[in-house]
Amino acid sequence: MSRAQASKAEAVRDPDEALELYRRMLLIRRFEDTVQDLFLKGEVHGTTHLYSGQEAVAVGVCSVLQAQDRVAGTYRGHGHALALGVEPQGLLDELLGRASGVCGGRAGSMNVIDLEHRLIGCFGIVGGSIAAATGAALALKRQDGVAVAFFGDGATNQGYFAECLNFAKVFKLPAVYVCENNLYGEFTPYEQVTAGEIRARAETLGIAARTIDGNDVWAVRDAAAEAVEQARSGDGPCFIEALTYRFVGHSRSDPGRYRKPGELDEWRERDPLKRLRDSIEGAEAVEASVEGEIEQLVENALAAPFPSPDPDAREFKDG
Ligand SMILES: Cc1ncc(C[n+]2csc(CCOP(=O)(O)OP(=O)(O)O)c2C)c(N)n1
Ligand SMILES: [Mg+2]
């Protein structure tokens with residue numbers, strides 16, 4: 001059986017769900033390409049940390065969440081936001097510092113919050129999302145909700161990580177910890193700064209943990225469905241280590257010269273979008289529609305007004 005046939009055989013999945021997962025991943029990819037273009041034109045204020053390459057993680061996890069659940073993302077958070085259904089126009093306007101941005105143009109790329117779409121925040125502090133989601137899980141315990149923390153491999157070396165996982169386990173909190181292991185913390189290969197297996201750090205606390213292929217959206221979705229169900233049922237927190245890779249530099253100024261020779265090409269072979277595309281019908285129509293959407297987003301964002309310079313003026317809805 002060829003690889004394409006094998007992936008087609010696996011695709012006894014709901015075709016509508018497959019298309020929706022593809023649409024969301026593609027929206028994130030094209031959104032990030034567009035942010036980079038706009039950044040180079042001087043339109044994006046502050047810095048950016050793009051999510052390109054890691055789309056399957058946010059999309060797979062967020063696809064199994066319910067309305068009462070909550071998510072904390074990182075500074076690489078455009079993907080987390082879009083996977084949750086944050087309006088792409090509001091997000092792009094935010095990055096361009098416009099009053100119509102989801103935070104009134106005052107948060108920029110790294111600190112987006114959109115409570116209406118379950119996003120309790122994106123955090124510039126490495127590991128901040130772990131603490132925020134743990135706190136949310138404490139509240140959600142009474143509301144049948146689950147809190148998800150997305151964070152990187154580097155964040156597992158922060159004090160928050162040990163403190164919060166311990167707290168969540170002891171108090172059986174409905175939290176799902178999703179470590180996006182993209183092999184680097186900023187410019188440092190993770191194995192140079194991380195002792196042992198990341199997953200084992202959760203396991204040693206008695207937290208159910210697994211390592212999955214984070215570039216396979218179905219693997220992510222299935223692992224997340226199980227973890228979220230366990231957390232919701234009152235059995236306490238779960239941990240997922242999703243192995244993935246970022247296709248671009250850490251942030252705007254990083255050409256990624258520390259990558260091992262051939263590494264980027266190898267991971268591009270495992271591009272989560274390509275892998276899903278091989279197994280679905282109707283991808284072209286989705287691609288045309290996302291392309292049109294992106295063009296419109298850019299036109300609207302560039303034409304949108306900036307906020308008032310008055311720091312007390314609030315153009316956005318206070319959550
Ligand atoms: C507490 C803290 N320390 C250092 C930094 C600087 N910093 C920003 S991103 C980053 C690397 C984090 O790596 P990882 O957690 O693997 O996430 P990734 O960037 O790979 O998504 C560092 C050290 C920070 N923002 N916050
Ligand atoms: Mg990392």
Side-chain angles (χ1 to χ4, degrees), residues 25 28-29 31-32 35-36 39 46-62 71-83 107-113 119 121-135 148-165 176-202 211-215 220 239-260 263-264 266-267 270 272:
M25 291 203 292
I28 296 171
R29 177 71 55 87
F31 187 92
E32 297 294 58
V35 170
Q36 180 65 8
F39 183 86
T47 187
T48 55
H49 302 77
L50 304 182
Y51 199 64
S52 311
Q54 303 186 197
E55 295 88 348
V57 185
V59 169
V61 171
C62 293
V71 170
T74 64
Y75 45 83
R76 203 176 297 293
H78 312 161
H80 305 134
L82 293 172
S109 166
M110 276 205 280
N111 298 293
V112 170
I113 298 179
L119 183 64
C122 290
F123 294 83
I125 298 294
V126 172
S129 56
I130 304 174
T134 304
V148 175
F150 289 105
F151 52 92
D153 42 282
T156 67
N157 292 324
Q158 293 291 107
Y160 287 128
F161 178 79
E163 293 175 43
C164 290
L165 267 68
V176 176
Y177 297 100
V178 181
C179 175
E180 301 189 60
N181 184 352
N182 61 8
L183 308 186
Y184 293 92
E186 224 164 354
F187 321 120
T188 311
Y190 94 97
E191 71 270 9
Q192 285 181 17
V193 289
T194 305
E197 295 287 327
I198 288 178
R199 188 185 64 241
R201 296 177 175 196
T211 299
I212 58 166
D213 179 349
N215 281 18
V220 177
F239 183 90
I240 296 171
E241 179 191 15
L243 301 177
T244 185
Y245 195 78
R246 59 171 159 69
F247 289 160
V248 292
H250 167 72
S251 65
R252 58 174 175 164
S253 50
D254 169 25
R257 295 214 175 87
Y258 44 81
R259 296 184 198 272
K260 298 181 182 106
E263 188 178 79
L264 179 58
E266 274 173 37
W267 279 92
R270 289 180 245 168

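Both ligands and their constituent atoms are indexed starting at 1 by order of listing.
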message = Given 3.5 Å as the limit, does a donor-acceptor pair link the side chain of Asp153 with the main chain of Tyr190, or not?
response = no
Under-2.8 Å neighbours of the Mg ion (ligand 2), protein N/O/S atoms only = 3
query = Shortest non-hydrogen contact from Ala149 to Ser129?
reply = CB-O, 3.7 Å
message = Could you measure the distance from the CZ atom of Phe39 to the OG1 atom of Thr47? Nearest 0.5 Å is fine.
response = 5.5 Å
ask   = Do Glu263 and Tyr245 have a side chain donor and acceptor closer than 3.5 Å?
value = yes
ask   = Quick one: which ligand 1 atoms are inside 4.0 Å of a heavy atom on Arg76?
value = 18 (P), 19 (O), 21 (O)
request  = Please report which non-hydrogen protein atom sits nearest to atom 10 (C) of ligand 1, along with the residue it belongs to and the distance in Å to one decimal place.
outcome  = Val126 CG2, 3.6 Å
inquiry  = Looking only at protein heavy atoms, which one is nearest to atom 25 (N) of ligand 1, and what is the separation?
reply    = Gly124 O, 2.9 Å
task = Kindly give the heavy-atom pair with the smallest separation between Phe151 and Thr156, and that separation in Å.
result = CE1-CG2, 3.8 Å
inquiry  = Checking the N or O distance criterion of under 3.5 Å, is ligand 1 in contact with Gly154?
reply    = yes
note = In terms of heavy-atom contacts, Gln36 and Leu50 come closest through OE1-CD1, 3.7 Å
ask   = Ring centres of His49 and Tyr75 under 6.0 Å apart?
value = yes
query = Quick one: which ligand 1 atoms are inside 4.0 Å of a heavy atom on Gly185?
reply = 11 (C), 13 (O), 16 (O)
task = Using a 4.0 Å heavy-atom threshold (strictly under), name the region of His250 that reaches ligand 1: side chain, backbone, both or neither.
result = side chain
inquiry  = As an exercise, identify every atom of ligand 1 less than 4.0 angstrom from a heavy atom of Asn182.
reply    = 18 (P), 20 (O), 21 (O)
ask   = Is Thr74 near ligand 1, meaning one of its heavy atoms is under 4.0 Å from it?
value = no
inquiry  = Name the residue from Phe123, Tyr177, Phe150 that meets the side-chain contact (heavy atoms from CB on, under 4.5 Å) definition with Ile130.
reply    = Tyr177
key: Check: Tyr184 N/O within less than 3.5 Å of ligand 1 N/O   = yes
query = Heavy atom of Tyr75 under 4.0 Å from ligand 1?
reply = yes
task = State, to 0.1 Å, how close Leu183 and Thr244 come at their nearest heavy-atom pair, and which atoms those are.
result = CG-O, 4.3 Å
request  = Return the minimal non-hydrogen interatomic distance between Glu55 and Met25, and the atom names on each side.
outcome  = CG-O, 3.7 Å
message = Taking a cutoff of less than 4.0 Å between a non-hydrogen atom of the residue and any ligand atom, is Gln158 in contact with ligand 1?
response = yes
request  = For atom 11 (C) of ligand 1, grab the closest protein heavy atom and report residue, atom and distance to one decimal in Å.
outcome  = Glu186 N, 3.3 Å
message = Please identify which of these residues, Arg246, Gln54, Glu241, meets the side-chain contact (heavy atoms from CB on, under 4.5 Å) condition with Glu180.
response = Gln54
key: Short N or O distance, Gln54 and ligand 1, threshold 3.5 Å exclusive   = no
message = Minimum heavy-atom separation for Pro272 and Phe247, please, with both atom names.
response = CD-CZ, 4.5 Å
